Amino acid sequence: MGIAVQVFPARGLVFVRYDGIINIAESNAAFAGYMADPGYLPGQRQLIDLRDATGWEPDFPRLMALQARKAEAIAQPGYETLFVYHAPDDTSRAIAQTVLRSWDGVGSVVPLIIDTEAEALAVLGQPERSFADLLQSA
């Protein structure tokens, strides 16, 4: 499994791409790397690409602990964070729906599940036609 995190501070955007089986320990490490990135800013919009995710490690206690850690770090007073989960198939939608439930009660986080790249980019206010365009124009 792989996780790639790219921060675009000038756009107020973070692009996270999962590949293969999502592992909680690797997700924790990727989140710690993001929080330590010099481009991190509160309220950055998050684009989470799950199209290549094939499943996840079903460890609910560790997933909830990770999500609680994220909520504590991301839910900053005066900031709202938009999470757009690109989930174009049944597997990725099931993963996104599980994660979405963990944001219940975190008022400063707005999570959405989107089927297509074009719609995800439009919701995020990015004019690119595809994720590849986004990454090339950064």
Side-chain angles (χ1 to χ4, degrees):
M1 199 278 314
I3 303 173
V5 177
Q6 292 179 273
V7 180
F8 303 100
R11 291 177 178 238
L13 181 69
V14 179
F15 181 74
V16 181
R17 184 167 187 190
Y18 288 92
D19 184 18
I21 302 291
I22 297 174
N23 174 285
I24 305 298
E26 289 178 7
S27 294
N28 261 314
F31 181 68
Y34 164 59
M35 294 305 297
D37 190 293
Y40 163 78
L41 296 167
Q44 286 173 317
R45 294 162 296 154
Q46 311 277 322
L47 173 56
I48 299 94
D49 184 7
L50 297 170
R51 72 179 151 191
D52 293 326
T54 57
W56 66 288
E57 175 186 18
D59 186 335
F60 286 103
R62 287 180 57 215
L63 174 63
M64 293 303 116
L66 170 60
Q67 290 302 105
R69 189 169 149 236
K70 285 182 179 182
E72 183 178 319
I74 289 172
Q76 298 292 319
Y79 293 95
E80 183 174 85
T81 303
L82 175 61
F83 278 83
V84 174
Y85 295 89
H86 173 241
D89 59 38
D90 291 343
T91 299
S92 58
R93 269 190 299 282
I95 293 166
Q97 288 168 343
T98 299
V99 173
L100 220 69
R101 286 191 292 274
S102 70
W103 290 118
D104 285 350
V106 182
S108 61
V109 171
V110 178
L112 302 171
I113 299 173
I114 306 286
D115 295 6
T116 68
E117 287 185 40
E119 186 180 357
L121 290 165
V123 166
L124 290 164
Q126 301 298 312
E128 291 75 19
R129 293 182 307 271
S130 70
F131 296 163
D133 291 342
L134 171 73
L135 297 172
Q136 288 177 356
S137 67

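Note that this is a predicted model, so its numbers are computed, not measured. This chain uses plain numbering: 1 for the first residue, then up along the sequence.
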Report task. With side-chain contact (heavy atoms from CB on, under 4.5 Å) as the test, would you mind laying out the steps for Ile3 and Arg17 before giving the verdict? Result -> CA-CA 6 Å; Ile3 303 173; Arg17 184 167 187 190; over 6 Å; no

Query raised in the report: Got a second to check how far Ser92's OG is from Gln97's CD, nearest 0.5 Å?
Result: 9.5 Å

Query raised in the report: What is the distance from atom CH2 of Trp103 to atom CG of Leu100, rounded to the nearest 0.5 Å?
Result: 10.0 Å

Query raised in the report: Any chain of hydrophobic side-chain contacts (each under 4.5 Å) joining Tyr85 to Met64?
Result: yes

Query raised in the report: Taking all atoms of both residues into account, what is the closest heavy-atom pair of Arg51 and Asp89, and its distance?
Result: O-OD2, 4.0 Å

Query raised in the report: Do the ring centers of Phe15 and Phe8 come within less than 6.0 Å of each other?
Result: no

Query raised in the report: Do you know which two heavy atoms are closest between Val109 and Phe83, and how far apart they sit?
Result: CG1-CD1, 3.5 Å

Query raised in the report: CG/Leu13 to CG/Leu124 distance, rounded to the nearest 0.5 angstrom?
Result: 6.0 Å

Report task. Apply side-chain contact (heavy atoms from CB on, under 4.5 Å) to Leu50 and Thr91, showing your working. Result -> CA-CA 9 Å; Leu50 297 170; Thr91 299; over 6 Å; no

Report task. Of all the heavy-atom pairs spanning Ala120 and Val84, show the shortest one and how long it is. Result -> CB-CG1, 3.8 Å

Report task. Answer whether the closest heavy-atom distance between the side chains of Val123 and Leu112 falls below 4.5 Å. Result -> yes

Requested in this report: State, to 0.1 Å, how close Trp56 and Asp59 come at their nearest heavy-atom pair, and which atoms those are.
Outcome: CZ3-N, 3.8 Å

**Report entry** Worked verdict on Phe131 versus Leu121 for side-chain contact (heavy atoms from CB on, under 4.5 Å)
**Finding:** CA-CA 8 Å; Phe131 296 163; Leu121 290 165; 3.9 Å; yes

Query raised in the report: Can you tell me how far the CD1 atom of Ile114 sits from the NE2 atom of His86, to the nearest 0.5 Å?
Result: 9.5 Å

**Report entry** Cluster link Met35 to Tyr79, ILVMFWY, side chain under 4.5 Å
**Finding:** no

Report task. Verify side-chain contact (heavy atoms from CB on, under 4.5 Å) between Val14 and Gln6, making sure each step is shown before the conclusion. Result -> CA-CA 6 Å; Val14 179; Gln6 292 179 273; over 6 Å; no

Report task. Give the cluster check for Leu41 versus Val5: same hydrophobic cluster or not, with ILVMFWY residues linked at side-chain heavy-atom distances below 4.5 Å. Result -> no

Query raised in the report: So, are Glu128 and Arg11 salt-bridged, with charged N and O less than 4.0 Å apart?
Result: yes

Query - Nearest atoms (heavy-atom pairs only) where Ile22 meets Ser27 - result: CG2-OG, 3.6 Å

Requested in this report: Just jot down the salt bridge (charged side-chain N to carboxylate O under 4.0 Å, His left out) partners of Arg93, sequence neighbours excluded, or say none.
Outcome: Asp90

Report task. Classify the side-chain pair Tyr34/Gln44 by whether it contains a donor and acceptor separated by less than 3.5 Å. Result -> yes

Query raised in the report: CD1/Ile74 to OG1/Thr81 distance, rounded to the nearest 0.5 angstrom?
Result: 6.0 Å

**Report entry** Any Tyr18 side-chain heavy atom under 4.5 Å of Asp49 side chain
**Finding:** no

**Report entry** Inter-residue atom distance Gln46.CD - Lys70.NZ, 0.5 Å rounding
**Finding:** 8.0 Å

Report task. Could you tell me whether a side-chain N or O of Thr98 sits under 3.5 Å from a main-chain N or O of Ala94, the two making a donor and an acceptor? Result -> yes

**Report entry** Heavy atoms of other groups near Arg129 CZ, more than 12 under 6.0 Å
**Finding:** no

**Report entry** Considering all heavy atoms, the nearest Ile95-Ala53 contact
**Finding:** CD1-CB, 3.9 Å

Query raised in the report: Quick one: do Arg62 and Glu57 make a salt bridge, cutoff under 4.0 Å?
Result: yes

